[in-house]
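This report refers to the structure that appears directly beneath it.
Labels below follow one simple rule: chain letters A, B, ... track the order of the sequence lines, proteins then strands, and each chain is numbered from 1.
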Amino acid sequence: MLEIKNLHVKLEDEDKVILKGLTLTVPKGEVHAIMGPNGSGKSTLAYVLAGRDGYEVTDGDILWNGESIIGMEPDERAAKGVFLAFQYPMEIPGVAGLTFLRTATNAVRKRRDLPELSTPDFLKVVKEKAAKLNIDIQMLKRPVNVGFSGGEKKRSEILQMAMLEPTLCVLDETDSGLDIDALRIVSDGVNALRSPDRAMLVITHYQRLLNHIVPDKVHVLTDGRIQKTGGKELALELEKSGYADYTGKAA
Amino acid sequence: MQLADQVLDKGDRGMTVQMLTTKAEQAILKSFEDNATDLPGGTAVAELRRAAIGAFASKGLPSRRVEEFKYTDLKANVKDVLPLAVGDASGSAGDGALSKHFAALAENAVSFVDGRGVAEKNGNKFLAGLLSSPPTWIMSALADKELAASADLLLNTALFTDGAVIDIAAGAEPTDPIVMVTSTPNNALTALRHVIRVGKGAKVTIVEIEQAPRTAGVRQSSALTQIEVADGAEVAHIKVVEARKGSLHLSHGQVSLGANATYSPFHMTVGDGLVRNSLNVFFNGQNTTFDFAAASIVHGTGHADTTLVIDHTVPHCTSRELFKTVLDGQARAVFQGKVIVRPQAQKSDGKQMAQALMLSPDTEFDSKPELEIYADDVVCGHGSTAAEIDSDLIFYCTSRGIPAPVARAMLIESFIGEAIAKVAHDGLREALTVFARESLTAV
Ligand SMILES: Nc1ncnc2c1ncn2[C@@H]1O[C@H](COP(=O)(O)OP(=O)(O)O)[C@@H](O)[C@H]1O
Ligand SMILES: [Mg+2]
């Protein structure tokens with residue numbers, strides 16, 4: 001279970017406060033969506049969950065399976081099952097996709113006390129998972145994300161997620177930049193990972209993704225706080241009326 | 001000899017030869033003096049040596065006022081000069097880069113120990129044995145006027161004790177690379193001269209390794225390699241220099257390229273010594289490609305200078321330079337890439353990229369591209385970057401469970417790997433990759 005309690009986050013180098021008392025609980029087995037306007041702090045929440053530098057937690061806590069993860073390095077969180085699919089996946093020139101995937105997969109397996117995958121076993125698993133995401137294995141021989149289209153980058157994120165078998169999946173605007181076919185492929189990939197052992201937090205700006213990845217709950221984030229929580233129908237409502245009703249102070 | 005005497009005399013009287021003030025320069029002249037009668041060669045070569053030492057005496061070691069040595073002031077930095085090695089050729093190459101990383105090549109390698117070739121192999125000759133009456137092509141290479149322009153090259157002409165003579169017949173395609181390994185077990189100055197001719201349509205890979213075994217002494221070395229590439233030939237030329245603290249390595253390549261040829265040099269410099277790799281390339285025939293890559297890993301107080309002069313004298317030639325360096329400690333790297341496009345050299349295509357990855361804030365990278373373009377229909381470009389490791393990329397890797405030190409190593413290796421990737425020979429590329437990886441973890 002993911003428990004975010006009264007989370008306050010500011011930028012480390014500036015006075016800017018972004019999250020102002022965010023509280024949220026995602027039980028295992030559930031998929032929750034976070035919707036909010038641009039600049040409301042969605043990516044900040046995602047980064048703070050993954051452990052990115054540059055943000056300072058000034059109050060509150062994040063518990064994953066009862067344990068605070070705030071002081072942990074990103075790789076330690078990954079070992080504990082945290083995975084962030086980036087809104088803007090990064091390009092790593094010179095590192096082949098397969099090398100990256102194998103290094104990450106085996107690093108995580110090692111820390112979970114699982115045997116490392118041999119090269120043939122690894123390749124077999126990658127091929128299978130890549131095929132489901134419509135990713136050509138040749139693409140993975142190229143440097144990570146370099147020269148990939150927006151849609152290819154997002155699919156490559158989901159492939160990484162499938163390989164690392166996380167238990168907390170945070171997807172930051174995975175739908176942005178996808179056409180309708182790519183959206184379906186990515187959503188199918190995400191849905192395939194839905195399981196009673198997994199919690200998922202799906203961040204999106206638009207309702208359309210939630211037609212494919214149907215959430216158990218929808219949270220509205222504006223001005224650094226969750227302003228409203230509802231069922232999947234809340235997303236449809238937002239689509240019609242926009243976020244105007246949820247400016248922090250008016251709520 | 002006479003000239004040297006003269007110079008020394010003047011030096012003694014002070015005054016006249018103001019430039020000749022450094023201890024190192026005096027020592028070089030004395031070295032010539034002491035060894036002149038033992039240096040290999042007949043009258044013609046002896047004359048060449050005398051002229052060279054005379055010209056060296058009037059120039060002195062290059063200081064930063066010489067544009068090509070702007071960032072590598074030998075006059076100021078070379079304090080002492082070791083005695084010239086005149087090895088008895090019985091030494092062993094010792095335990096350095098070659099035996100560790102290029103073991104598969106060792107069988108084939110021609111060794112130079114303390115300035116002398118050890119055993120001739122594969123039909124390639126040693127230069128020393130041919131010098132009493134050298135074949136015309138060798139003599140004209142040795143006497144190349146272009147080499148008189150720079151004091152570091154004059155030094156080589158005056159003092160070289162041996163070298164390889166490689167003569168690849170037209171159309172030949174030796175399957176194995178031709179490998180030369182140089183080591184200097186004792187504290188010494190060495191000067192080697194390699195003369196290479198690659199015939200029409202031949203395809204060859206040449207490897208030069210300057211190794212610095214842990215057990216060896218500090219060395220000062222000069223290596224001058226001259227290559228004449230005939231029409232349609234393809235030459236890959238790999239040079240690996242291990243440079244230990246306190247050592248000096250001056251290396252130069254003088255290359256002339258025929259038409260429809262390809263010359264692909266790759267330089268790898270590793271360590272914390274003072275290294276200068278210079279290369280002058282002349283395009284003498286059309287539709288020829290020069291494709292240079294370099295990877296250097298410098299740490300401590302190491303200093304590695306790569307200076308290129310690429311002369312587009314004819315139309316329709318392509319030049320590519322990719323220079324990559326990883327710097328740690330207080331290390332300094334220099335890249336100077338001069339591309340000259342002569343008025344008649346239309347449709348020249350030149351691109352240059354120099355990149356440094358700085359692992360410590362005390363490192364320095366001096367990058368100086370120089371485009372001298374006298375033709376109007378050309379495509380020439382250059383770029384240069386100096387950066388630290390991208391912390392966003394470290395985050396991306398660690399968020400995938402990769403520990404930060406592994407992520408750092410992976411990113412550094414990939415940075416340098418882009419240059420190593422240009423090496424076409426599979427075995428060499430792999431050996432260089434492993435050598436780079438181990439050198440990086442040792443940094
Ligand atoms: N590293 C940063 N530097 C400067 N401003 C930032 C940084 N991260 C976030 N912000 C600012 O914080 C606010 C929230 O950003 P973000 O979390 O990216 O919002 P969202 O993902 O909801 O669009 C925005 O105003 C954004 O400009
Ligand atoms: Mg965002």
Side-chain angles (χ1 to χ4, degrees), chain A residues 46-55 72-97 99-112 114 116 143-146 153 156-157 159-161 163-166 168-170 172, chain B residues 266 268 293-297 322-326 353-357 359 383-423 426 429-430 432-434 436-437 439-441:
Chain A
Y47 289 143
V48 171
L49 287 169
R52 189 175 198 162
D53 281 345
Y55 299 99
M72 289 181 191
E73 292 300 322
D75 53 317
E76 200 180 344
R77 299 183 198 207
K80 292 195 185 286
V82 179
F83 183 93
L84 166 63
F86 283 56
Q87 180 174 4
Y88 304 107
M90 294 178 196
E91 300 183 358
I92 317 182
V95 179
T99 309
F100 181 74
L101 272 176
R102 198 175 56 183
T103 309
T105 305
N106 280 336
V108 157
R109 288 181 67 90
K110 201 171 157 192
R111 285 166 81 162
R112 291 180 191 157
L114 295 167
E116 293 188 17
V144 180
N145 290 330
V146 176
K153 284 182 183 170
S156 130
E157 291 289 286
L159 175 62
Q160 291 175 22
M161 185 162 96
M163 289 304 296
L164 296 181
E165 302 184 322
L168 173 60
C169 305
V170 181
D172 190 2
Chain B
F266 175 80
M268 181 145 180
S296 60
I297 301 167
L322 175 64
F323 177 86
K324 294 228 169 199
T325 182
V326 176
M353 177 53 80
Q355 297 181 310
L357 186 60
L359 304 183
S384 179
T385 63
E388 295 165 24
I389 293 187
D390 187 338
S391 59
D392 288 344
L393 288 185
I394 295 283
F395 170 61
Y396 190 61
C397 295
T398 54
S399 79
R400 268 60 179 136
I402 301 171
V406 178
R408 266 173 72 85
M410 195 167 80
L411 294 177
I412 298 168
E413 193 182 319
S414 73
F415 171 82
I416 212 86
E418 283 187 294
I420 299 176
K422 304 261 277 180
V423 174
D426 291 338
R429 193 178 56 251
E430 277 154 31
L432 289 164
T433 301
V434 175
R437 186 177 302 147
S439 305
L440 287 166
T441 48

Q: Compare every heavy atom of B/Glu418 with every heavy atom of A/Pro93, then report the nearest pair and how far apart it is.
A: CB-OE2, 4.3 Å

(Q) To check you understand the geometry: which heavy-atom pair defines the closest contact between A/Val108 and B/Gly401, and what is its length? (A) CG2-CA, 3.7 Å

(Q) What's the separation between atom CG in A/Asp75 and atom CZ in B/Arg400, rounded to the nearest 0.5 Å? (A) 12.5 Å

Q | Distance (rounded to the nearest 0.5 Å) between A/Ile92 CD1 and B/Cys397 SG | A | 4.0 Å

Q: Write down the atom of B/Pro403, the atom of A/Ala107, and the distance for their closest heavy-atom approach.
A: CD-CB, 4.1 Å

**Q.** Note, A/Phe83 side chain near B/Ser399 side chain (heavy atom, < 4.5 Å)
**A.** no

Q. Above 12 or not: heavy atoms from other molecules or residues under 6.0 Å from CD of A/Glu116?
A. yes

**Q.** Residue selection (most heavy-atom pairs with chain B, distance under 4.5 Å) from A/Pro143, A/Gly94, A/Pro166
**A.** A/Gly94

Q | A/Glu91 versus chain B, the contacting section by heavy-atom distance below 4.5 Å | A | backbone

**Q.** Evaluation steps, side-chain contact (heavy atoms from CB on, under 4.5 Å), between B/Thr398 and A/Glu73
**A.** CA-CA 8 Å; B/Thr398 54; A/Glu73 292 300 322; over 6 Å; no

(Q) Are B/Tyr396 and A/Tyr88 an aromatic pair, judged by ring center distance below 6.0 Å? (A) no

(Q) Counting heavy-atom pairs closer than 4.5 Å to chain B, which one of A/Thr99, A/Asn106, A/Val82, A/Val95 comes out on top? (A) A/Val95

(Q) Checking B/Asp392 now: which residues fulfil salt bridge (Lys or Arg N to Asp or Glu O under 4.0 Å) with it, not counting sequence neighbours? (A) A/Arg52

